[in-house]
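All values below were derived from every heavy atom in this structure, side-chain atoms included, with hydrogens, water molecules and symmetry-related copies excluded. Note that the structure is predicted; figures quoted are calculated from it, not measured.
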Amino acid sequence: LVLRGRHRRVAVVALGLCFTAKPTLLAVLVLAFLWSVELRRDILPGLAVAAGVVIPFALWDHRLNFWQGTVGVIFDPVLYDNRGDTLSINAAWFQVTGHWAATVFLVAILLAFAAPVVMTRPRDLSDIFALGAALTIIVVLINREAYLNYYFVAAVALFVALAYEGMSN
């Protein structure tokens, strides 16, 4: 999105490729999509680029391995166990109690912390990315897995927020 001023087409393609490589980026851009018509015009084509990259692989796989490897691993606890060595609330809960946190508990945490972030009306792009970073941290914290690199998306969003703040001053 930083490139969009001078190189909009390149920015949209880059954003779409980022969506395919790191879907965690979507949590940052939820607020941009909700609050900025200007950014929505870049996010929607970016999603179309991502779909153009992903859909051929999904269609090519007639045995549904692609679906199971991308979506199924997130929602199928039988095939993909929780990991106690990650940086998440669930892993911390497991380390303290010896069992995994209930999904209802994790969803309650998500709603309690994410709702105020989503309801906050940002003033500018800097606010959008700062709030997007906060939303990303909340989502990653309640995730089944949260390795350190998952938090890098939030760190980059904070850098982008600082860059936009610096451009406005």
Side-chain angles (χ1 to χ4, degrees), residues 1-55 57-58 66-67 70-76 86-90 101-169:
L1 293 175
V2 174
L3 294 172
R4 65 191 238 292
R6 292 189 180 151
H7 307 285
R8 184 171 186 272
R9 289 186 184 126
V10 173
V12 166
V13 170
L15 183 63
L17 294 175
C18 286
F19 287 149
T20 62
K22 196 70 172 166
T24 313
L25 180 64
L26 291 171
V28 171
L29 296 178
V30 164
L31 296 173
F33 189 82
L34 290 175
W35 293 110
S36 174
V37 174
E38 180 184 351
L39 291 179
R40 197 174 305 141
R41 282 183 280 202
D42 295 331
I43 293 170
L44 286 173
L47 289 172
V49 168
V53 170
V54 171
I55 288 174
F57 289 102
F66 179 83
W67 179 262
T70 55
V71 178
V73 296
I74 297 169
F75 298 107
D76 191 349
T86 64
L87 301 168
S88 68
I89 291 173
N90 205 13
T103 303
V104 173
F105 173 68
L106 296 174
V107 170
I109 290 173
L110 174 67
L111 293 176
F113 288 98
V117 171
V118 172
M119 300 304 287
T120 301
R121 183 155 181 87
R123 295 176 314 225
D124 55 14
L125 290 174
S126 181
D127 285 354
I128 285 175
F129 282 99
L131 291 168
L135 186 61
T136 300
I137 290 170
I138 294 164
V139 168
V140 171
L141 271 174
I142 63 122
N143 203 354
R144 179 181 7 203
E145 286 189 349
Y147 298 105
L148 184 59
N149 68 323
Y150 289 23
Y151 293 93
F152 291 170
V153 172
V156 169
L158 287 174
F159 284 127
V160 172
L162 289 171
Y164 274 121
E165 184 69 28
M167 289 182 350
S168 66
N169 290 336

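Shortest non-hydrogen contact noted between Ala161 and Ser126 is O-OG, 2.8 Å. Between Val139 and Ala27, the closest heavy-atom pair is CG2-CB, 4.5 Å. Listed here is the closest heavy atom pair of Ala112 and Pro116: O-CD, 3.2 Å. Listed here is the closest heavy atom pair of Val118 and Leu31: CA-CD2, 3.6 Å. Of all non-hydrogen atoms in Arg8 and Pro45, the two that sit nearest each other are NH2-CG, 4.4 Å.
In this view, Arg123 and Asp127 satisfy the salt bridge (charged side-chain N to carboxylate O under 4.0 Å, His left out) rule, not counting sequence neighbours. Legend: residues meeting ring pair (Phe, Tyr, Trp, His ring centres under 6.0 Å) with Phe105, ordered by chain and number and at least two apart, are Trp93. Take Phe19 and apply the side chain to side chain contact (heavy atoms under 4.5 Å, CB included) test, not counting sequence neighbours, and it matches Leu15, Leu25, Leu26, Leu29, Ile43, Leu47, Ala50.
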In residues 130-137, what donor-acceptor pairs under 3.5 Å come from side-chain atoms, sequence neighbours left out?
| unit_1 | atom_1 | unit_2 | atom_2 | d |
| --- | --- | --- | --- | --- |
| Thr136 | OG1 | Val28 | N | 3.4 |
| Thr136 | OG1 | Gly132 | O | 2.8 |

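Side-chain contact between Leu106 and Leu110 is absent, with no heavy-atom pair separated by less than 4.5 Å.
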Carefully, step by step, assess Leu125 and Leu39 under the rule side-chain contact (heavy atoms from CB on, under 4.5 Å). CA-CA 9 Å; Leu125 290 174; Leu39 291 179; 3.2 Å; yes
Show your reasoning for whether side-chain contact (heavy atoms from CB on, under 4.5 Å) applies to Asn90 and Ile142. CA-CA 7 Å; Asn90 205 13; Ile142 63 122; over 6 Å; no
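In this structure, CG on Leu162 lies 12.0 Å from CZ on Phe129, to the nearest 0.5 angstrom. Phe152 CZ to Phe159 CZ: the interatomic distance, rounded to the nearest 0.5 Å, is 10.5 Å. Expressed to the nearest 0.5 Å, how far OH of Tyr150 lies from CG of Leu141 amounts to 13.5 Å.
Evaluation of the salt bridge (Lys or Arg N to Asp or Glu O under 4.0 Å) test over residues 105-115, restricted to residues two or more places apart or in two chains, returns none.
In terms of modelled atom types and a separation under 3.5 Å, the side chain of Tyr164 and the main chain of Ile128 share no donor-acceptor contact.
Other residues, nucleotides and ligands contribute at most 12 non-hydrogen atoms within 6.0 Å of the CZ atom of Phe113.
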